[in-house]
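What follows is a set of notes on a single structure, which appears directly below.
The chains referred to below are lettered A, B, ... by the order of the sequence lines, with proteins before strands, and numbering in each begins at 1.
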Number of protein chains: 2
Amino acid sequence: MRYHRNDVVNRAIEVLDEYGLESLTMRRLAAELGVQPSALYHHVPNKQTLLAIVADEILARGRRPQRARAWDRRVVEVCAELRDAMLAYRDGAEVVSTAYTFGLGAGGPANRLREALRDGGFPDDLVDVGTRALLHLVFGHAVDEQTALQAASAGAIDRAPGGPADFERALELLLDGLRSRSRV
Amino acid sequence: MRYHRNDVVNRAIEVLDEYGLESLTMRRLAAELGVQPSALYHHVPNKQTLLAIVADEILARGRRPQRARAWDRRVVEVCAELRDAMLAYRDGAEVVSTAYTFGLGAGGPANRLREALRDGGFPDDLVDVGTRALLHLVFGHAVDEQTALQAASAGAIDRAPGGPADFERALELLLDGLRSRSRV
DNA sequence: ACCTGAACACCGTTCAAGT
DNA sequence: ACCTGAACACCGTTCAAGT
């Protein structure tokens, strides 16, 4: 059977979700598709790029309509969407935040946060600082939470994972700092 | 020559700093010590543990005396120390933040932040939320900055790395949110 | 355009055996 | 106690050759 890039990406996400990031190897993925490892390199230049595409796809699948009008409500909306998108697949937070660190793809959420802050009347440098801080909070929280969840399901008793309430409270802390500097 | 665990850890940090995390393999480290790969397993149970010990050592080498009294000044002090400690070695931020995510070691800075917040008069749950948010900010910022620095030194032109000023401004945003909830 | 087969240059880890 | 030698079960990537 003949495949296209989308088939490879979709199957990669299936393998990720079912067996985890450490099992998502080029050889494993090839076997899953019933193909030689070298065949993958006709669809994707290398593993790093594949993971960046997977990250973008995970984010795309989590897209939701934006309803909020006020800049701070929009920030909350974008952050919650981003968090939920990452948590929807096993190791999704790890994959997306790593891809983001390497600067490949994932520009979407950053741009939407940037626009929200711009509409909040912040000077350009604070828009940048705020956007990055928000992303660090969302990524860090999601990775922690997903790690804790998997540790818990693997039998380690562990403390409570934090969850959406903790996430929102952390976000509110940062938003308070931002609000006190907003010009709108 | 016969080695002890400390020799292995010290050499691991040398390899890390000189060649980067991706070159810090058990086989490479063994070769650097003039020993068979299998010999390392007499000093360390596996690579993950070695990296956790390396992370702790990087943090320990960055320890500084705490001078500040006020809880928020102490938070700034601990975060700055943590950041500087990570940035002192190539890929240090990646190593430390990964080790922290897996819950191994690195409890030191978290505990010091926790104590500072406790002295700020925060309720227990806000102490937790605040500590985690602070760590996410510090780790995220440090990893970003180190990645950008290495990309820049590798020739990619890239935007400015952010640097200590951006870091302090992000920290101040979060601290403002915390201060507005402090009972002291 | 898409894939096979074979290879290259590696990994982490285990384990019997040596000193 | 610390190390060797050899093996096991893998990696990502390249490349000539096939259809």
Side-chain angles (χ1 to χ4, degrees), chain A residues 1-57 90-91 94-95 98-99 101-105 150 154, chain B residues 1-55 57 90-91 94-95 98-99 101-105 147 150 154:
Chain A
M1 209 206 285
R2 249 118 204 268
Y3 294 110
H4 297 82
R5 175 183 276 213
N6 277 349
D7 303 313
V8 172
V9 173
N10 290 337
R11 188 71 85 141
I13 293 182
E14 284 175 31
V15 173
L16 179 72
D17 198 40
E18 211 163 338
Y19 307 101
L21 180 55
E22 83 175 8
S23 295
L24 179 48
T25 67
M26 296 300 268
R27 300 183 99 105
R28 171 70 181 266
L29 177 57
E32 208 82 19
L33 290 162
V35 117
Q36 294 294 319
S38 50
L40 298 178
Y41 291 86
H42 283 269
H43 303 103
V44 122
N46 53 49
K47 187 181 182 181
Q48 193 190 157
T49 304
L50 171 61
L51 287 176
I53 298 169
V54 163
D56 279 345
E57 177 63 19
R90 171 148 43 151
D91 290 331
E94 190 70 44
V95 170
T98 300
T101 295
F102 289 144
L104 314 161
Q150 276 157 207
Chain B
M1 210 207 284
R2 250 115 204 269
Y3 294 110
H4 297 82
R5 173 183 279 214
N6 278 349
D7 303 313
V8 173
V9 173
N10 290 337
R11 187 72 84 143
I13 293 182
E14 284 175 32
V15 172
L16 178 72
D17 197 41
E18 211 163 339
Y19 306 102
L21 180 56
E22 83 175 8
S23 294
L24 180 49
T25 67
M26 297 299 268
R27 300 183 102 104
R28 172 69 180 266
L29 178 57
E32 208 83 19
L33 291 162
V35 118
Q36 293 294 319
S38 50
L40 298 178
Y41 291 85
H42 283 270
H43 303 104
V44 122
N46 52 49
K47 188 181 182 180
Q48 192 190 156
T49 304
L50 172 62
L51 287 176
I53 299 169
V54 163
E57 178 62 20
R90 177 162 19 162
D91 289 330
E94 189 69 46
V95 170
T98 300
T101 295
F102 289 144
L104 313 160
T147 303
Q150 275 156 208

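A distance of about 13 Å separates the C1' atoms of D:dC3 and C:dC15, rounded to the whole Å.
Taking the side chain as every heavy atom from C-beta outward, A:Leu51 and A:Thr98 never approach each other to under 4.5 Å. Between B:Met26 and B:Pro37 the shortest side-chain heavy-atom distance does not fall below 4.5 Å.
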Which protein N or O atoms sit under 3.5 Å from an N or O of nucleotides 9-12 of chain D?
residue : atom : partner : partner atom : Å
D:dC11  : OP1  : A:Thr25 : OG1          : 3.3
D:dG12  : OP1  : A:Met26 : N            : 3.2
D:dG12  : OP1  : A:Lys47 : NZ           : 2.9
D:dG12  : OP2  : A:Met26 : N            : 2.9
D:dG12  : OP2  : A:Arg27 : N            : 3.3
D:dG12  : N7   : A:Arg27 : NH1          : 2.7
D:dG12  : O6   : A:Arg27 : NH1          : 2.8

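We find that CG of A:Leu40 is positioned 18 Å from P of C:dA1, with the value rounded to whole Å. Rounded to an integer number of Å, the gap from B:His43 NE2 to D:dA1 C1' is 9 Å. Counting to the nearest Å, the P atom of C:dT13 and the CG atom of B:Leu29 are 12 Å from each other.
The side chain of B:Gln36 contributes an N or O atom lying less than 4.0 Å from OP1 or OP2 of D:dG5. In terms of phosphate contacts, B:His4 brings a side-chain nitrogen or oxygen within less than 4.0 Å of OP1 or OP2 of D:dC2. Here B:His42 does not reach the OP1 or OP2 of D:dT4: none of its side-chain N or O atoms lies under 4.0 Å away.
For the 3.5 Å distance criterion, the side chains of B:Asp91 and B:Gln150 qualify, holding a donor opposite an acceptor.
A donor-acceptor pair is defined here as one N or O able to donate and one able to accept, closer than 3.5 Å; such a pair exists between the side chain of A:Asp7 and the backbone of A:His4. The backbone N or O of A:Tyr3 sits less than 3.5 Å from a side-chain atom of A:His43, completing a donor-acceptor pair.
The pairing partner recorded for C:dT19 is D:dA1, the criterion being a Watson-Crick or G-U wobble arrangement whose two distances lie under 3.5 angstrom. Remark: D:dC8 base-pairs with C:dG12. Criterion, Watson-Crick or G-U wobble with two distances under 3.5 Å.
For the side chain to side chain contact (heavy atoms under 4.5 Å, CB included) with B:Arg5, the lone residue among B:Ile53, B:Asn10, B:Leu40 that qualifies is B:Ile53.
The CG atom of A:Leu29 sits 9.5 Å away from the NZ atom of A:Lys47 when rounded to the nearest 0.5 Å.
Picking from C:dA6, C:dC2, C:dT13 the nucleotide with the shortest atom distance to the side chain of A:Ser38 gives C:dA6. The side chain of B:Val35 lies closest to D:dC3, out of D:dC3, C:dC3, C:dT13.
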